[in-house]
Number of protein chains: 2
Amino acid sequence: MTNPQSNTTLKILAEKLGLSKGTISKALKDSHEISVATKNKVITAARELNYVPNHFASGLKSRKSNTIAVIVPEIVDSFFSLAIKGIEAETQKKGFHINIYLTNDEKAKEEEIIKVISDGRVDGILISICSETNSNDHLQKLIDYNIPLVFFDRAAEKIETGKVVTDDFQAGYIASNHLIAQGCKKVCFLSISESLSILQKRTEGFVQALLENNIKNPERNIFQISTEKAKCVKTIKLLLTDPENRPDGIVISVELLTIPIYNACKELNISMPGDLKVVCFSNLPYADLLSPSLSTITQPAFEIGKQAAGLLCNRIEKGTDIRFEKIICPSRLDIRGSSHH
Amino acid sequence: MTNPQSNTTLKILAEKLGLSKGTISKALKDSHEISVATKNKVITAARELNYVPNHFASGLKSRKSNTIAVIVPEIVDSFFSLAIKGIEAETQKKGFHINIYLTNDEKAKEEEIIKVISDGRVDGILISICSETNSNDHLQKLIDYNIPLVFFDRAAEKIETGKVVTDDFQAGYIASNHLIAQGCKKVCFLSISESLSILQKRTEGFVQALLENNIKNPERNIFQISTEKAKCVKTIKLLLTDPENRPDGIVISVELLTIPIYNACKELNISMPGDLKVVCFSNLPYADLLSPSLSTITQPAFEIGKQAAGLLCNRIEKGTDIRFEKIICPSRLDIRGSSHH
DNA sequence: TGCTGAAGCGCAACCGTTTTCGTAAATAAA
DNA sequence: TTTATTTACGAAAACGGTTGCGCTTCAGCA
């Protein structure tokens, strides 16, 4: 779009003031080469004519866009939207713009996005990867080419760059232990991916908790649920109606599965927390108002976003070495009605 | 950032192939000036060297960024996040990138954002304005300078440009009538702004419904609530404990106020829907699971975002005259437990 | 007076792509 | 064969800012 405020360019300012383009440019950047008197003249003229430096022209020469890409699997999600808000809070202070990209948790889309943003339009990337993580060549390439990259929440373990996550093992452990402490004999863990590192860790926390409580073969209590709605609902119903192995406690490792569980319980007439106790990884502001209110592992989403953005900005602006930076923002167990009386 | 895939430029390709920069550029754009044989050579070489056109260089010359700005008051909100998803669905098909900006519903921030994006970095703007709308000079200026602009949901009435909204009057009317039909004698309407057009219309629908039911002075039942949390809670409690005028039905015109209402009822021991019936403008996917489940005016958020993006893209790509375009996506009343037995 | 150095500004190349225009060769029309 | 026309490509000027370098001017100093 043309400059809305005006179409003032350096050239126009220069002509108006009888100076050269270079002088105007330097004056506006407060260069020591320019006298105070001239600077003042330039600044007032620039203000009068609503001069705004053209983004493309300055970017072409300086190789800076003051823009970062934020890539997330989903945006209609209390965790991700809050994380984005944290990112925005941090970046807008520093004058960075945000480009948003949604992968819908599809690897192909993620790769496509990374390809199309490699035209220099962003100075760096914040990403929460999709759950299918068999290969991460597209991400490794970013590192190889020295593109600033920071993971938040869902990180690719093997890639050496900044990561901001929560204490997933611990959270999985606490959630599981809580259910056991509430008297659950058959605690299950619902996941959506075996490859996604944060889910692996939550799973490990779950396994650890069960083992410590002398529950054998905890792996048998781990279920991978499809994110596709119909399949998801079907699997859950099957699980909850299994005559031999019906769980009396469930750790839901992703917010996405909350509604299906609630609906299934309603439909199957399973009472919560009587017949089934549930804890969910979720940032839902409405957890308190659900029926029953939902016990959650509440992740510091805003903080995670903010920290990740801070890390990325440091990398971009100061060239900080963030290869081995790992910030862990602890989650919190909020016990509510779905897991105890 | 430097091009991650490589640092291949037109110049490098040209030298490698013994052609000129211009020829390469035209070949890649499938210009009729270039022979098929040459095109093929160029295309394969470009692929081999992972050539990606520099965003700044092409933008500088073509004055196109293939980017749009999306400005919203809030992102941790079921309506706005879903609308953004709709926008993304539409724009990604057409190869547009999205810049996200949050105003936190502050006019000053909105103005600031519009200023900083007027450096040519976006080809157009999608905005849902903040609730303080006394003056809209900053938006009018965009129109004056011929910047493509489309409003979605929260529009500035007086500005002549594309608007995609829901049928706010009708929705307000239906919601109010529903409560009256449920036997409510004292129906109130909670708003957060007298100037925001969509809230004015919802209010008008409310007034109309009351008048048609022979309720005098419906204006007395309209309350402006602060969005600041403490004040908000205080006002609501005051309202719900007013000995003379305690409402038995409430239309909540913005999702933001849902939680405070639920909490107030819990705290004040007001039973829903027994003592108080509630309908809320909300896109909450969890409405069904609340206790009681929440009756909502469900807005077609995804559709609104999608349509708005479509309008903007047409304006940008084809120069369509959208000054008087107004798309109305109807809302739906979903009756649940909060408003009837 | 002559010399040095700093201050203040202009000049011009440069970033990578787009696009107009020109021109040579190849083909078609006369 | 000559002339007109197409085809295929090169040359170069933009786009608007940035930046190193060079030129003047003038104060400071011996």
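Each chain gets a letter, A, B and so on, in the order the sequences are listed, and its residues count up from 1.
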Handout entry: Between D:dC15 (C1') and A:Asn7 (CG): distance, integer Å
Key = 13 Å
Practice task
Please work out if B:Leu19 contacts a base, only the sugar-phosphate, or nothing of the nucleic acid, heavy-atom cut-off 4.0 Å.
Solution key: sugar-phosphate
Practice task
Let me know, please, whether B:Ala57 or B:Ile34 comes out on the 5' side of the other along DNA chain D by nearest nucleotide.
Solution key: B:Ile34
Problem - Length of the line joining A:Leu10:CG and C:dA12:P, which is rounded to integer Å - result: 17 Å
Fill in the blank from the handout: To the nearest angstrom, the CD-C1' distance between A:Glu33 and C:dC11 comes to 13 Å
Exercise for the section: Please check if atom NZ in A:Lys94 has more than 12 non-hydrogen atoms from other residues, nucleotides or ligands closer than 6.0 Å. Expected result: yes
Handout entry: Contact under 4.0 Å: A:Thr23 side-chain N or O vs C:dC9 OP1/OP2
Key = no
Problem - Ionic contact status for A:Arg154 with A:Asp105, cut-off 4.0 Å - result: yes
Completion exercise
Rounded to whole Å, the NE2-C1' distance (B:His32 to C:dT19) equals 11 Å
Exercise for the section: With sequence neighbours excluded, give me every salt bridge (Lys or Arg N to Asp or Glu O under 4.0 Å) pair touching residues 17-33 of chain B. Expected result: B:Lys26-B:Glu33, B:Asp30-B:Lys39
Handout entry: Residues B:Lys85, A:Asp77: salt bridge by 4.0 Å N-O rule
Key = no
Handout entry: A:Lys64 NZ to A:Glu317 CD distance, which is reported to the nearest 0.5 Å
Key = 7.0 Å
Practice task
Write down the distance between NZ (B:Lys29) and P (D:dA8), rounded to a whole number of angstrom.
Solution key: 20 Å
Handout entry: Residue-phosphate contact under 4.0 Å: B:Thr38 side-chain N/O, D:dA8 OP1/OP2
Key = no
Handout entry: B:Arg63 side chain, from C-beta outward: closest of D:dG10, C:dG16, D:dC15
Key = D:dC15
Problem - Candidate nucleotides C:dC11, C:dG16, C:dC15, ranked by approach to the side chain of A:Lys61 - the nearest - result: C:dC15
Exercise for the section: Using a 4.0 Å heavy-atom cut-off across all strands, classify B:Ser35 as base, sugar-phosphate, or nothing. Expected result: sugar-phosphate
Practice task
Report yes or no: do B:Asn99 and B:Thr67 form a side-chain donor-acceptor pair below 3.5 Å?
Solution key: no
Problem - Separation of C:dC9 P from A:Ile24 CD1 (nearest whole Å) - result: 10 Å
Handout entry: Side-chain N,O (A:Thr9) to OP1/OP2 (D:dG16) below 4.0 Å
Key = no
Exercise for the section: Rounded off to whole Å, could you give me the CG-to-P distance for the B:Asn54 and D:dC15 pair? Expected result: 18 Å
Exercise for the section: Could you tell me, to 10°, how much the axis swings from one end of the helix from C:dT1-D:dA30 to C:dA30-D:dT1 to the other, five pairs per end? Expected result: 50°
Handout entry: Check: D:dG17 base within 3.5 Å donor-acceptor of A:Lys26 side chain
Key = no
Exercise for the section: Identify whether any heavy atom of B:Ser58 sits under 4.0 Å from a base atom; if not, whether one sits that close to sugar-phosphate; answer base, sugar-phosphate or nothing. Expected result: sugar-phosphate
Exercise for the section: Ignoring hydrogens and angles, state whether a donor on the side chain of B:Asn134 or B:Lys107 is under 3.5 Å from an acceptor on the partner side chain. Expected result: yes
Practice task
Rounded to the nearest 0.5 Å, what's the gap from CG on A:Leu149 to CD1 on A:Ile322? Could you check?
Solution key: 7.5 Å
Practice task
Go through C:dT17, D:dG16, D:dG10 for me and flag the one nearest to the B:Lys21 side chain.
Solution key: C:dT17
Handout entry: Distance-only donor-acceptor test, B:Lys11 side-chain atoms vs C:dG16 base atoms, 3.5 Å
Key = no
Completion exercise
Atom NZ of B:Lys64 and atom C1' of C:dT19 are separated, to the nearest Å, by 16 Å
